[in-house]
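Each chain gets a letter, A, B and so on, in the order its sequence line appears, and its residues count up from 1. Bear in mind the structure is a predicted one, so any value in this text is a computation, not a measurement.
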Amino acid sequence: MRDKLRKWREDNHRNSEQIVDVAEELINEHASKLGDDIWIIYEQVMIAALDCSRDDLAWTCLQELKKQFPGSQRVKRLGGMRLEALEKYEEAGKQYDSILQEDPTNTAARKRKISILKAQGKNTDAIRELNEYLELFVGDQEAWHELSDLYINEHDYGKAAFCLEELMMTNPHNHLYCEQYAEVKYTQGGLENLELSRKYFAQALKLNNRNMRALFGLYMSASHIAASPKVNAAVKKANVKYAAWAANQINRAYQLAGRGTKENKCSVKAVEEMLESMQITMS
Amino acid sequence: MSIKLTTQAYCKMLLHAAKYPHCAVNGLLVAEKQKEKKKDNTYTPILCVDCIPLFHGTLALAPMLEVALTLIDTWCKENKYVIAGYYQANERIKDFRPNQVAEKVAARIAENFSEAAMIIVDNTRFTMGCYEPILAIYDHHENKWKCRDCNVDCFEDWCEAQKITLALLEGRSYESLIDFDNHLDDLRNDWTNPEINKSVLHLC
């Protein structure tokens, strides 16, 4: 159980209901056996409890942590999160401000303040604050990703792409960033962006040949380029080839997945038909 | 020109939203394909018989949405269905207005199906008790989306829908709900959700 909790912590899973289910039993009955792990588990459980609106459980965890670590900024931040969960944003903001007064480099408090803006729907303010934050803390990947999400929600795909470029530079082997970048470029539209998107879908596939989104993306972008009236015959021919290859791979992947299950046969068929119908529009 | 929802469609919509309380979710509604219009021009509301959960998290990216729409359209044709609506539950609890994504997708659907509806889930009234319908239904009139009152008449059988949705939420069936995103993560995940469909039938 302890190991499960550790795995969820390390993978940053947001399976709050599960954590809360497990936690009460764990804390009540096995507290003595957990040793020093118990403090980090209290923190994990508290955040999960806030997610599930279990203020009672969150309060208990917070009290235990306050007793053990009085004056800790990390615990203070948890207190702020609890106020956020109760929608007491002003009080939460003050809590974070007091942390920042003691320690202006505390990134957690700064990020929580930005989260408050996001929770209140003040997306443009959140974007502005997050940009300022990133000027100081350029290496914070979580922040770059959050910023790209905020830009996507505001439909500012150009800036979202910039954020993802930062992430790809520092994580060249991460196929997910590549693939998301390709999706943003595709959404931006226009022939140049479509070609870029196809290249990045291909790159994502190179990094992980089982990434279905990249495979579908490669198929869609190549098909759209081939169908575009603005391309010359050579480019069209090349893209028809890429799309055909992708279609083949997609069919194979579905065949593999469909083996052994009757129900999946309908998806396999639907995919085949979809790919065939798109071939017609391409030529 | 109004749509009605079956229990299965309503249930799966709410289960999808319940599975990802911290994300925006969206999906499609399908209806049975109408045969020719009746000669006496009697008005029959469109019955949305099923719901296909699509994505959670980032809804505003085009490629996977296009793949999903095309694939589901093909699937619909095989099963004599038609895509009749789009639903969305926003990320923030108090955000209940349709945004650009919702309007764009719903407009696309309306191109192929003139009586398409756009549904936004009202997160503030989403409770385990399911005491009242929590949807806002929008119809397309003269290029604008107008909100219509959603009451028990919008359901084939509200009492049944309420009872079954409550049972499935309490039983945490949403943990096994598959949306298109889950399908893309692992192709073996079936976005038609046959197990949940069976549970709904079983409880009817």
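Of the listed residues (B:Ile93, B:Ile72, B:Asp73, B:Asp185), the one with the most heavy-atom contacts under 4.5 Å to chain A is B:Asp185. Contacts with chain A were tallied for B:Lys77, B:Arg92, B:Glu91, B:Glu175; B:Arg92 has the most, counting heavy-atom pairs under 4.5 Å.
Heavy-atom contacts from other residues, nucleotides or ligands closer than 6.0 Å to NZ of A:Lys159 number 12 or fewer. Within 6.0 Å of NE2 in B:His22 there are more than 12 heavy atoms belonging to other residues, nucleotides or ligands. Counted within 6.0 Å of NZ on B:Lys146, heavy atoms from surrounding residues, nucleotides or ligands total more than 12; the atom is thus considered enclosed. No more than 12 heavy-atom neighbours from other residues, nucleotides or ligands sit within 6.0 angstrom of CZ on A:Phe162. Counting heavy-atom neighbours within 6.0 Å of A:Glu90 CD, excluding the residue itself, gives a total of 12 or less. In A:Arg9, the CZ atom is crowded: over 12 heavy atoms of neighbouring residues, nucleotides or ligands sit closer than 6.0 Å. Other residues, nucleotides and ligands place no more than 12 heavy atoms under 6.0 Å from the CG atom of B:Asn143. The number of heavy atoms from other shown groups lying within 6.0 Å of CZ (B:Phe113) is above 12.
A:Asp21 has its side chain within reach of B:Arg172: a pair of non-hydrogen atoms, C-beta onward, lies under 4.5 Å apart.
Rounding to the nearest 0.5 Å gives a distance of 8.5 Å between OG1 of B:Thr58 and CD of A:Glu183. Distance check, rounded to the nearest 0.5 Å: CZ of A:Phe216 to OG1 of B:Thr70 gives 9.5 Å.
With sequence neighbours left out, A:Tyr186 forms a ring pair (Phe, Tyr, Trp, His ring centres under 6.0 Å) with A:His224.
The two residues B:Leu184 and A:Met212 come nearest to each other via the heavy atoms O-CB, 3.5 Å. Nearest heavy atom pair, residue A:His155 against residue B:Ala60, reads CE1-CB, 4.0 Å.
Contacts of A:Glu87 with chain B are made by side-chain atoms alone, with heavy-atom separations under 4.5 Å and no backbone atom involved. In this structure, chain B has a heavy atom under 4.5 Å from the backbone of A:Gln120, while its side chain stays farther away. Using a 4.5 Å cut-off between heavy atoms, A:Ala253 touches chain B through backbone and side chain atoms alike. Residue B:Lys94 touches chain A through its side chain alone, counting heavy-atom pairs closer than 4.5 Å.
The main-chain N or O of B:Asp181 is found under 3.5 Å from a side-chain atom of A:Arg213 such that the two form a donor-acceptor pair. Under a 3.5 Å cut-off, the side chain of A:Thr187 and the backbone N or O of B:Leu61 do not form any donor-acceptor pair. Looking only at distances, no side-chain donor or acceptor of B:Arg188 sits under 3.5 Å from a matching main-chain atom of A:Ala257.
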